[in-house]
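Each remark here refers to the structure printed beneath this line.
Positions are given from 1, in the same order as the sequence printed here. None of these values were measured; they are calculated from a predicted model.
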Amino acid sequence: MYFERIDKIIASTGMMSRSDAKKAAKKGLVKLNGIIIKDCSTKASENDDLTVNGRSVRYKKYVYIMLNKPKGYVCSTDDPSSPIVNLLLNEELQRLNLFSIGRLDKNTTGLVILTNDGEIAHRIISPSGHIDKVYRVQTKFPIDRALSKNFLDGITLDDGYKCKSAVLDITDETKCTVTISEGKYHQIKRMFEAVGNKVVELNRVSIGKIVLDNRLNQGEYRVLTPDEERLLLE
């Protein structure tokens, strides 16, 4: 069983900061198993009934959010030139200072996973993890069907780097899906540039076994389900 300080538990939910939690406790608004607790150094477990002003609080060490990223937002946590994806979250989640697992550039849309779990983030984005990412792609020019083999063999980018094997599945004259297991800077756009084409729309639909919920409109988000969280952590 895991125990943690009450103020840290409250702050971990994004409900309020640790200092605000201490103020709430001094006002008698914090209860642990029905008893008013004014000392926030008191520890509680996931099995305890903790409330703030009547609102139930459940401690969760890590948070995992599925976001359908729209164009115009960046996945950085601090960018003075463009709005960051965290601004799409409610105020409570913004307080958690979540970061993106596998960034998308400003004009790319689709699945972003936001978390405060640095270990899982590193495992997913590490090339050694071999985690597949699937993208829907629309190109400016028709896609040569012979390119499927080139992608499997590994496309060489403009800087001489040879990409790992990727799967190109052509669905229409200028539309396809691409599956990659690495994440070089603007990789898919550069892969198509290397073969004389240009990406005009790029949308990520999955990271590993986590698939973007098609009920989420761009800019919308939700917490991963327990099953999705389990798949993420496998």
Side-chain angles (χ1 to χ4, degrees), residues 1-2 4 8-15 45-48 50 55-71 73-77 83-105 108-137 164 166-167 169 171 176-183 187-188 201-234:
M1 189 179 297
Y2 187 85
E4 188 55 87
K8 188 172 181 180
I9 292 174
I10 296 170
S12 76
T13 67
M15 184 182 292
S45 77
E46 65 271 19
N47 295 328
D48 287 314
L50 177 64
R55 183 177 172 185
S56 181
V57 178
R58 291 292 178 188
Y59 177 68
K60 201 168 184 186
K61 187 175 183 181
Y62 296 122
V63 176
Y64 307 97
I65 302 293
M66 173 189 292
L67 168 72
N68 188 353
K69 177 190 170 300
K71 287 184 179 181
Y73 287 80
V74 295
C75 291
S76 169
T77 55
I84 61 176
V85 292
N86 296 59
L87 295 176
L88 295 167
L89 307 177
N90 64 36
E91 290 184 3
E92 293 180 1
L93 289 173
Q94 286 186 40
R95 292 193 188 103
L96 299 183
N97 297 316
L98 306 178
F99 50 86
S100 302
I101 299 179
R103 296 182 176 185
L104 294 179
D105 65 45
T108 299
T109 60
L111 176 62
V112 170
I113 299 174
L114 294 159
T115 187
N116 55 349
D117 186 346
E119 182 178 343
I120 193 66
H122 175 73
R123 182 173 67 80
I124 290 175
I125 65 175
S126 173
S128 61
H130 304 291
I131 304 296
D132 285 344
K133 278 80 72 175
V134 180
Y135 295 78
R136 290 197 184 105
V137 184
K164 292 183 178 180
V167 176
D169 182 15
T171 55
C176 65
T177 62
V178 176
T179 303
I180 60 175
S181 61
E182 53 187 341
Q187 181 174 337
I188 291 181
E201 294 289 340
L202 187 59
N203 176 266
R204 184 161 65 195
V205 295
S206 69
I207 299 174
K209 295 179 181 178
I210 307 301
V211 180
L212 179 63
D213 188 336
N214 58 20
R215 295 169 296 183
L216 290 177
N217 294 319
Q218 288 190 4
E220 294 182 341
Y221 62 91
R222 65 167 173 78
V223 176
L224 292 190
T225 67
D227 284 344
E228 288 170 335
E229 189 172 315
R230 177 179 54 79
L231 290 172
L232 183 72
L233 300 177
E234 280 183 349

message = Please evaluate residues V74 and R103 with respect to the criterion side chain to side chain contact (heavy atoms under 4.5 Å, CB included), reporting the C-alpha separation (whole Å), side-chain torsions for both, the decisive distance (0.1 Å), and the verdict.
response = CA-CA 8 Å; V74 295; R103 296 182 176 185; over 6 Å; no

K209, NZ atom: more than 12 neighbouring heavy atoms under 6.0 Å =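 Open.
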
ask   = Counting only heavy atoms not in R95, do more than 12 sit closer than 6.0 Å to its CZ atom?
value =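 Result for CZ/R95: enclosed.
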
Heavy-atom side-chain contact between [X] and [Y] under 4.5 Å:
| X | Y | result |
| --- | --- | --- |
| L212 | R204 | no |
| D117 | I101 | no |
| L232 | I124 | yes |
| Y64 | L233 | yes |
| Y221 | L93 | yes |
| I210 | L231 | yes |

Looking at [atom1] of [X] and [atom2] of [Y], how far apart are the two atoms once the value is rounded to the nearest 0.5 Å?
| X | Y | atom1 | atom2 | value |
| --- | --- | --- | --- | --- |
| L114 | K69 | CG | NZ | 11.5 Å |
| S100 | I84 | OG | CD1 | 9.0 Å |
| D132 | I180 | CG | CD1 | 9.0 Å |
| I113 | E228 | CD1 | CD | 8.5 Å |
| S76 | N86 | OG | CG | 9.0 Å |
| L111 | N68 | CG | CG | 8.0 Å |

task = Determine, stepwise, if the pair E201 / K71 fulfils salt bridge (charged side-chain N to carboxylate O under 4.0 Å, His left out).
result = CA-CA 10 Å; E201 294 289 340; K71 287 184 179 181; 3.1 Å; yes

Nearest heavy-atom neighbours spanning [X] and [Y]:
| X | Y | answer |
| --- | --- | --- |
| E220 | L67 | O-CD1, 3.4 Å |
| T115 | V63 | OG1-O, 2.7 Å |
| D213 | M66 | N-SD, 3.4 Å |
| L96 | A11 | CD2-O, 3.1 Å |
| I65 | L98 | CG1-CD1, 3.9 Å |
| K164 | S181 | CD-OG, 4.1 Å |

inquiry  = Between the side chains of E234 and R230, is the shortest nitrogen-to-carboxylate-oxygen separation below 4.0 Å, so that they form an ion pair?
reply    =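 Salt bridge present between R230 and E234.
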
query = Looking only at atom types and distance, does a side-chain atom of Q94 sit under 3.5 Å from a main-chain N or O of L89, one as donor and one as acceptor?
reply =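 Side chain of Q94 to backbone of L89: a pair is present.
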
task = Say whether, by atom type as modelled, one donor and one acceptor occur between the side chain of R58 and the main chain of L50 under 3.5 angstrom.
result =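 No.
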
